[in-house]
Protein chains: 2
Amino acid sequence: MNVQRLDRAARGRNLSAEHWAQAALDAIAAGGLEAVAVEPLARRLGVTKGSFYWHFPNREALVHAALQLWEKQETEDAVAGVEQEPDPYERIVKLFKRANASYRAGRLYLALAAASDDPAVGRVVRRASARRLDYLYKCYCALGLSEHDARLWSTFAYATYIGNQQVHRDAPDRFPEGAEFREYFKLMLRTLIPRPGGDSAPSRQTVAAK
Amino acid sequence: MNVQRLDRAARGRNLSAEHWAQAALDAIAAGGLEAVAVEPLARRLGVTKGSFYWHFPNREALVHAALQLWEKQETEDAVAGVEQEPDPYERIVKLFKRANASYRAGRLYLALAAASDDPAVGRVVRRASARRLDYLYKCYCALGLSEHDARLWSTFAYATYIGNQQVHRDAPDRFPEGAEFREYFKLMLRTLIPRPGGDSAPSRQTVAAK
DNA sequence: TTCATGACATACGCAGGCGTATCGAACGCG
DNA sequence: CGCGTTCGATACGCCTGCGTATGTCATGAA
């Protein structure tokens, strides 16, 4: 519902720089940074390089634009529907929900992160990671944790958050689905969010076998 | 102790196929699968393509050899020093320790996983992930969890395990170090390994086996 | 010594991607 | 209507990597 297919001749008759940037993001999600190649992208958009080099001075500029677009979209829908949630517990829950909602977004992040040897990409990935971590950190602080504990727990939660996307991609058949996923999800929430009133050790209630 | 620098003229005077495979793994760890390119690798090894095409029919064969080598090394040092540990709790602890021990191994996995669009790579990555997950799953079963709970907890733990490597790479400055890391580590263990007894009590060997 | 083979080096053709240069068509407007 | 700006097509040269074909040189068996 978000990513409109902006193929050739979609918007009026001419492409804009943002069309190219969006296509670049699609390419990254599908094939990594190396897939951001001018001529293949042009073919995919139904135009030729001539068009590209009118909008951008070179490939690097496209990558740059794509990264900017990504960062914008990232922060936009990170804020959307979370910022106005007053309860810090629910805020974290929503963040986790969002994390597992969009498979594509996860792939995109992973692909970008994999390309963070590229200095430009690395900077953006580090910035984005830092922002997410900081936000989570604040949520944990708001839960009543000390700064120190909040730092540990937020890092922990974020690692799990990222790791889930990774596992989902690398071992899709092993990743829980449907009802089991919902249970898995609840387990994570129970475990990763020390609720006000409890301490750092979550309750342990392992139910009996099937 | 394992990866010897096998640059040119290291082993006697001639290279072997395994030299090439090891160099390919290094290249993957450093620059992703795309970095496995014949001519650059040859330069790095101080030879020319002529050598390469004597040992391998084509690039794909090199990638294949590298993947095999990786899988071998993976399973070898996964088994090493863990298999003979009788206490399942300690087994999991050791797995986690190992995970955070070798930064290079983590990078290698992440780089391979990022390239799992390539069918050959994908197969290997999925196999490796599945093996690790299954092993963790068995450890959790040995802890006394039901099969169902063991599945949830092992997936959870593995996601965190992978996620840590990712965070360590993508937000190195935010990842805990030194004393803080040791605390972080203990928090993860405490949280991710439901122990049958209390918390601070030493080991409680529930199951012998093995 | 001869010579076959192992382990390379050298030289080539080819494909694909980058970037440039030039050309053309559709407006927008005065 | 004329004309510049916008947007894109075509055609070119360059580089890098793949793969092949062939040359070369040391060495160990005959």
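Throughout, a chain's letter reflects where its sequence line sits, starting with A, and its residues are numbered from 1. Scope of the values below: all heavy atoms of this structure, side chains included, with no hydrogens, waters or symmetry mates.
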Exercise. Using atom CZ of A/Phe52 as one end and atom P of D/dT6 as the other, report the distance to the nearest whole Å.
Key: 18 Å
Self-check item: Value in whole Å for how far the C1' atom of D/dC18 lies from CG of B/Leu41
Solution: 13 Å
Exercise. Could you tell me the separation between the CH2 atom of A/Trp20 and the P atom of C/dC18, rounded to a whole number of Å?
Key: 10 Å
Quiz item: B/Ala37 has a side chain; which of D/dG8, D/dG17, C/dG17 sits nearest to it?
Solution: D/dG17
Quiz prompt | Nearest to side-chain heavy atoms of A/Ser51, which nucleotide of C/dC18, D/dG8, D/dG17 | solution = D/dG8
Exercise. Could you note down all residue pairs passing ring-ring contact (aromatic ring centres under 6.0 Å, His included) where residues 115-146 of chain A supplies at least one of them, sequence neighbours left out?
Key: none
Quiz prompt | Those residues that, when tested against B/Thr160, pass side-chain hydrogen bond (donor to acceptor under 3.5 Å, both in side chains) (two or more places apart) | solution = A/Thr160
Quiz prompt | Non-neighbouring partners of B/Arg174 that pass salt bridge (charged side-chain N to carboxylate O under 4.0 Å, His left out), sequence neighbours left out | solution = A/Asp134
Quiz item: Quick one: side chain to side chain contact (heavy atoms under 4.5 Å, CB included) partners of A/Glu85, sequence neighbours excluded?
Solution: A/Asp87, A/Glu90, A/Arg91, A/Lys94
Quiz item: Taking atom CZ of A/Arg59 and atom CZ of A/Phe52, what is their separation to the nearest 0.5 Å?
Solution: 9.0 Å
Quiz item: Of all of residues 53-66 of chain A, which get a heavy atom below 4.0 angstrom from DNA chain D, listed by number?
Solution: A/Trp54, A/His55
Practice problem: Please collect all side chain to side chain donor-acceptor pair (under 3.5 Å) contacts where either partner lies in residues 110-123 of chain A, sequence neighbours excluded, each pair once. | Solution: A/Asp117-B/Arg107
Self-check item: Minimum-distance nucleotide (side-chain atoms of A/Thr48 versus D/dA9, C/dC8, D/dC18)
Solution: D/dA9
Quiz item: In whole angstroms, how far is the P atom of C/dT10 from the CD atom of B/Glu39?
Solution: 13 Å
